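Here the structure is a predicted model, which is why all the values come from computation and not from measurement. For ligands, and for the atoms within them, numbers begin at 1 and follow the listed sequence.
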Amino acid sequence: MVNACRACESCEEGAENYCARVVLTYNSRDRDGAVTRGGYSDMVVADARFVVRFPDALPLDAAAPLLCAGATVYAPMRRHALGAPGSHVGVIGLGGLGHVAVKFARAFGAGKVTVISTSPAKREEALERLGADAFVLSTDAAEMKAAAGTMHGIVNTASAAASLHPYLALLKPHGKMILLGIPDKPLQVSAFALIGAEHGVAADVEVIGAGEVNAAMERLAKGDVRYRFVIDVGNTLKAD
Ligand SMILES: NC(=O)C1=CN([C@@H]2O[C@H](COP(=O)(O)OP(=O)(O)OC[C@H]3O[C@@H](n4cnc5c(N)ncnc54)[C@H](OP(=O)(O)O)[C@@H]3O)[C@@H](O)[C@H]2O)C=CC1
Ligand SMILES: O=C/C=C/c1ccc(O)c(O)c1
């Protein structure tokens, strides 16, 4: 972004990207009415607040994608502590966003970084070049099963609307999945896939036999149950 109003609530809390008058670097209308052309311009006018100096050690070409792909993965990883020291973080999709997510997770001190990919050919790239600790081929049921329930967090950069359920199964209880991909089709997720039983929370129930159902229904109508009737069908059948 190159400008914002600098007066609204979002601007005051340093979230100028949410400013209603934000001027984006690319394809936005600037204050003078001109259309911004981002990296296609040979010169850009920007408010000093939105200009950062790159350290000399960082090559400009390799740093350029950090301003989109880099910021996109860095901000939520930091906000939700993905890749915190010692933690196990998964990265779905080894592309523009995913490969930087692996690098950030490494830099944050994650205990284990696992790339989850649809492409078998990326195994060596992930492990040898990017320094991931593990590679899971998402189409391989055995590999997915072995990794189930092991990850504190997952950065999901998949660009297509693949089902989330096999990936959700990789999370530990209370694990977090950050969705960054923008697939062209809607994502669907079953609420059941999000339910865990970690704390052993169970309901208070009154167990009844099948023969007591009618009486239970009458009590239900009066709100007279603490808090659920459970019909013990198995034992009722045995007794019969
Ligand atoms: N939220 C934001 O602000 C931003 C979002 N994006 C979005 O993030 C997504 C990723 O961007 P980018 O990394 O540049 O794209 P890339 O094409 O470089 O990488 C996307 C990766 O997604 C994986 N993938 C593709 N199809 C599927 C599938 N059917 N199931 C599972 N994984 C799949 C592939 O990885 P593999 O081969 O390893 O499976 C692929 O390399 C895009 O949707 C993009 O529009 C991008 C920038 C900013
Ligand atoms: O708000 C900014 C979004 C940027 C963005 C979205 C999708 C995509 O593929 C990008 O490369 C950038």
Side-chain angles (χ1 to χ4, degrees), residues 1-4 10-11 14-30 35-40 44 46 50 52 61-80 82-83 89-106 113-141 143-144 147 151 153-171 176-189 193:
M1 53 184 291
V2 293
N3 214 339
S10 293
C11 283
E16 297 95 334
N17 47 320
Y18 295 126
C19 171
R21 297 180 58 214
V22 66
V23 181
L24 297 174
T25 316
Y26 179 73
N27 203 23
S28 217
R29 188 69 67 177
D30 212 339
V35 172
T36 58
R37 299 184 193 281
Y40 296 108
V44 172
F50 308 116
V52 289
D61 51 4
L66 297 183
L67 301 178
C68 182
T72 300
V73 297
Y74 177 90
M77 285 179 79
R78 271 304 204 216
R79 190 173 304 130
H80 301 290
L82 259 76
V89 60
V91 176
I92 300 175
L94 198 59
L97 266 58
H99 88 288
V100 210
V102 173
K103 293 186 185 196
F104 279 131
R106 279 269 80 99
V113 183
T114 297
V115 168
I116 305 132
S117 171
T118 59
S119 309
K122 294 184 183 173
R123 188 182 295 270
E124 194 182 334
E125 169 79 357
L127 300 175
E128 306 300 327
R129 221 177 69 75
L130 293 168
D133 301 290
F135 181 92
V136 172
L137 187 61
S138 54
T139 50
D140 183 316
E143 288 191 23
M144 289 291 277
M151 298 177 192
I154 295 179
V155 184
N156 186 345
T157 76
S159 52
S163 168
L164 292 181
H165 300 156
Y167 297 123
L168 287 168
L170 301 175
L171 289 170
K176 296 173 185 170
M177 181 182 290
I178 296 171
L179 297 179
L180 295 175
I182 310 178
D184 55 0
K185 294 198 185 74
L187 284 173
Q188 288 191 327
V189 61

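Distance check on atom 2 (C) of ligand 2: every protein heavy atom falls at or beyond the 4.0 Å cut-off. The presence of a protein heavy atom under 4.0 Å from atom 7 (C) of ligand 2 is confirmed.
When each atom of ligand 1 is checked for a heavy atom of Ala160 under 4.0 Å away, the hits are 26 (N), 27 (C), 28 (C), 29 (N). Near Ile182, meaning under 4.0 Å from one of its heavy atoms, ligand 2 places the atoms 6 (C), 7 (C). Numbered from 1 in the order shown, with element, the atoms of ligand 1 that lie under 4.0 Å from a heavy atom of Ser117 read 36 (P), 37 (O), 38 (O), 39 (O). Close approach of ligand 1 to Lys122 is summarised as follows: ligand atoms under 4.0 Å from at least one heavy atom of the residue are 35 (O), 36 (P), 37 (O), 38 (O), 41 (O). Taking a cut-off of under 4.0 Å to the non-hydrogen atoms of Ala162, the atoms of ligand 1 that pass are 30 (N). Within ligand 1, counting atoms from 1 as listed, the ones closer than 4.0 Å to a heavy atom of Gly95 are 13 (O), 18 (O), 19 (O), 41 (O). Counting atoms of ligand 1 from 1 in the listed order, those under 4.0 Å from a heavy atom of Leu94 are 35 (O), 36 (P), 38 (O), 41 (O). Residue contact check: Thr157 has heavy atoms under 4.0 Å from atoms 9 (C), 10 (C), 20 (C), 22 (O) of ligand 1. Below 4.0 Å from some heavy atom of Ser119 lie the following atoms of ligand 1, by number and element: 36 (P), 37 (O). For ligand 2, the atoms lying closer than 4.0 Å to a non-hydrogen atom of Cys68 are 12 (C).
Residue-level proximity to ligand 1 for Tyr167 is carried by the side chain, the only part with a heavy atom below 4.0 angstrom. Here Thr72 has side-chain heavy atoms under 4.0 Å from ligand 1, and that is the only part of it that gets that close.
Residue Gly98 has no nitrogen or oxygen atom sitting less than 3.5 Å from a nitrogen or oxygen atom of ligand 1, judged on distance alone. For Ile116, no nitrogen or oxygen atom sits less than 3.5 Å from a nitrogen or oxygen atom of ligand 1, counting backbone and side chain alike.
Considering only non-hydrogen protein atoms, atom 42 (C) of ligand 1 sits nearest to Ser159 CB, 3.7 Å. Among protein heavy atoms, the minimum distance from atom 33 (C) of ligand 1 is reached at Ala158 CB, 3.9 Å. Considering only non-hydrogen protein atoms, atom 5 (C) of ligand 1 sits nearest to Leu180 O, 3.1 Å.
A salt bridge links Arg106 with Asp133: at least one charged nitrogen is closer than 4.0 Å to a carboxylate oxygen.
The environment of CD in Glu143 is crowded: more than 12 heavy-atom neighbours from other residues, nucleotides or ligands sit within 6.0 Å.
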